[in-house]
Number of protein chains: 2
Amino acid sequence: MTPCAYLVDDDEAIRDSLAWLLESRGVCCRSFPSAEDFLAAWEPALAGCLLLDIRMDGMSGPELFDALNELGNRMPVIFLTGHGDVPMAVSALKKGAFDFVEKPCNDNELVNRVIEALQLDANQRAAASGADSVNELLNQLTTRERQVMELILAGKLNKLIADELQISMRTVEVHRAKLFDKMGVRTAVELAQLLAGKR
Amino acid sequence: MTPCAYLVDDDEAIRDSLAWLLESRGVCCRSFPSAEDFLAAWEPALAGCLLLDIRMDGMSGPELFDALNELGNRMPVIFLTGHGDVPMAVSALKKGAFDFVEKPCNDNELVNRVIEALQLDANQRAAASGADSVNELLNQLTTRERQVMELILAGKLNKLIADELQISMRTVEVHRAKLFDKMGVRTAVELAQLLAGKR
DNA sequence: CCACAGATTGCGGATTTCCACAATATGCAA
DNA sequence: TTGCATATTGTGGAAATCCGCAATCTGTGG
């Protein structure tokens with residue numbers, strides 16, 4: 001799924017002009033005429049950002065935003081509105097919207113915001129995939145290796161680990177070496193940093 | 001320094017009525033007639049939250065906000081404004097303002113926001129106090145010790161660190177031992193975990 | 001029953017770390 | 001100038017880690 005700006009607006013003219021603007025700047029776009037249409041098409045794997053109109057027939061932009069948040073959407077959302085409304089802007093941003101811009105707006109500015117949003121999404125995805133790959137590595141450890149790893153992360157020396165697990169130092173060394181290999185690290189410090197934030 | 005709501009507004013009537021409102025709900029207040037006055041009184045140890053008027057003679061609310069951010073202010077900031085301006089609200093919130101409310105507003109709502117802000121500040125301070133103690137430890141390291149620590153955290157062995165810093169292994173060992181002592185850790189792993197999340 | 005994976009252990013040598021003792025050089029403040 | 005903190009280096013030995021080679025024991029699944 002290639003990164004993409006998803007436009008949701010019930011005004012076809014606006015969709016088309018936004019799409020043209022973004023495409024001309026190299027940003028892939030997909031348009032939806034209603035919040036419901038986008039909601040139906042949404043899936044967790046979508047990558048990119050959203051441009052939501054505030055006022056639409058049926059479900060509004062903020063309502064769609066809330067619904068997507070419920071579903072676990074992580075794409076940055078930029079709201080577009082013709083009628084400035086401070087409380088609405090405040091509410092949207094406090095709920096985590098990426099931006100809130102009033103139409104008409106400077107084309108350049110808007111495109112820049114979209115590009116920033118796409119960049120943010122790409123970064124978030126990169127970070128998330130990192131966490132996933134770490135978990136994958138973690139899962140291929142055997143029980144013993146995990147136990148040893150815990151104790152290593154507790155800052156204990158092999159000798160103490162051996163005592164605690166009632167096994168020989170040599171065995172600890174073997175597990176240690178194997179888990180380092182599996183986790184793709186060369187030192188205990190690297191391991192600690194790889195798992196920083198976890199457990 | 002007891003938690004407190006700092007009011008900055010050039011309209012004395014508003015300051016007084018806000019102060020009365022907040023005091024009546026048990027929130028300690030301090031009022032300032034201008035951004036400059038507050039800026040002069042500000043210090044890092046202040047705890048609580050800020051209520052800033054947008055338009056004031058001299059330095060504006062947003063300008064004060066920026067200035068305080070530069071100085072490292074961490075108190076939540078609530079903007080108050082009579083003239084709704086979406087771009088300004090968006091800008092303030094994207095810079096980290098806690099809230100942006102239009103006057104006139106529901107008294108109850110405003111007090112609730114202030115209380116939320118005070119709560120947030122208290123939580124942040126609680127979380128930061130842990131980090132602060134670590135930073136204190138960090139600050140009593142000498143330059144060399146810090147350099148060595150960086151390389152240790154990069155997972156490098158003493159030999160490599162010695163090469164990189166163009167000093168002997170022995171010296172690295174000395175710095176290493178000293179910084180471990182100062183940081184109160186016994187192994188590199190403990191050090192990495194102590195600093196997990198930083199740098 | 002056999003193959004295979006995981007857990008276990010020992011040996012021995014290379015490498016590294018840990019530390020006490022000792023010493024030199026520099027820069028800054030009293 | 002003296003004293004103190006910092007940075008630097010060396011020697012040498014004890015302790016720990018790292019690692020290849022070899023081997024045993026125990027389940028699980030074919």
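Order of the sequence lines sets the chain letters (A, B, ...), proteins ahead of strands, with each chain counted from 1.
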A:Phe98 six-ring centre to B:Lys94 NZ/CZ under 6.0 Å and within 45° of normal: yes
Has the side chain of B:Arg170 got a donor or acceptor atom sitting under 3.5 Å from an opposite partner on the base of D:dT11? yes
Among the candidates D:dA7, D:dT8, C:dC19, find the nucleotide nearest to the side-chain atoms of B:Thr143. D:dA7
Given atom CG of A:Leu157 and atom P of D:dA15, what is their separation to the nearest angstrom? 14 Å
How many whole angstroms separate atom CG of B:Leu165 from atom C1' of D:dT9? 15 Å
Taking atom types as modelled, find out whether A:Arg25 and A:Asn108 have a side-chain donor-acceptor pair closer than 3.5 angstrom. yes
OP1 or OP2 of C:dA7 versus the side-chain N and O atoms of A:Thr171: is any pair under 4.0 Å? no
Can you check the A:Arg186 CZ to C:dT16 P distance for me, whole Å? 11 Å
Quick one: A:Leu151 CG to D:dA16 C1', roughly how many Å, whole number? 17 Å
Is the phosphate of C:dA7 approached by A:Thr142 (side-chain N or O, under 4.0 Å from OP1 or OP2)? yes
Separation of atom CD in B:Glu145 from atom P in D:dT6, rounded to whole Å: 8 Å
Among C:dA7, C:dC18, D:dT9, which nucleotide sits nearest the side chain of A:Arg144? C:dA7
Short N-O contact, A:Glu164 and A:Lys156, less than 4.0 angstrom: yes
For B:Phe32 and B:Tyr6, take the angle between the two ring planes, folded into 0 to 90°, and tell me which bin it lands in: parallel under 30, tilted 30 to 60, perpendicular over 60. tilted
Sorted by position of nearest nucleotide on DNA chain C, 5' first, the leading residue of B:Ala177 and A:Lys182 is A:Lys182
Send over the distance from A:Glu190 CD to D:dT17 C1', rounded to a whole Å. 16 Å
Report the relative orientation of the aromatic rings in A:Phe79 and A:Phe65; use parallel for angles under 30°, tilted for 30 to 60°, perpendicular for over 60°. perpendicular
Can you work out whether B:Gln166 or A:Arg176 has the more 5'-proximal nearest nucleotide on DNA chain D? B:Gln166
B:Glu173 atom CD is separated from D:dT9 atom P, nearest whole Å, by 12 Å
From the list C:dC18, C:dT9, C:dA7, which nucleotide is the closest neighbour of the side chain of A:Ile167? C:dT9
Nearest-Å distance for atom pair CZ/C1', residues A:Phe180 and D:dT17: 10 Å
Residue-phosphate contact under 4.0 Å: B:His175 side-chain N/O, D:dT8 OP1/OP2: yes
Strictly below 4.0 Å: does B:Asn158 bring a side-chain N or O up to OP1 or OP2 of C:dT16? no
Does C:dT9 have its OP1 or OP2 closer than 4.0 Å to a side-chain nitrogen or oxygen of A:Ser168? yes
Ranking D:dT8, D:dA16, C:dT16 by distance to the side chain of B:Lys159, first place goes to C:dT16
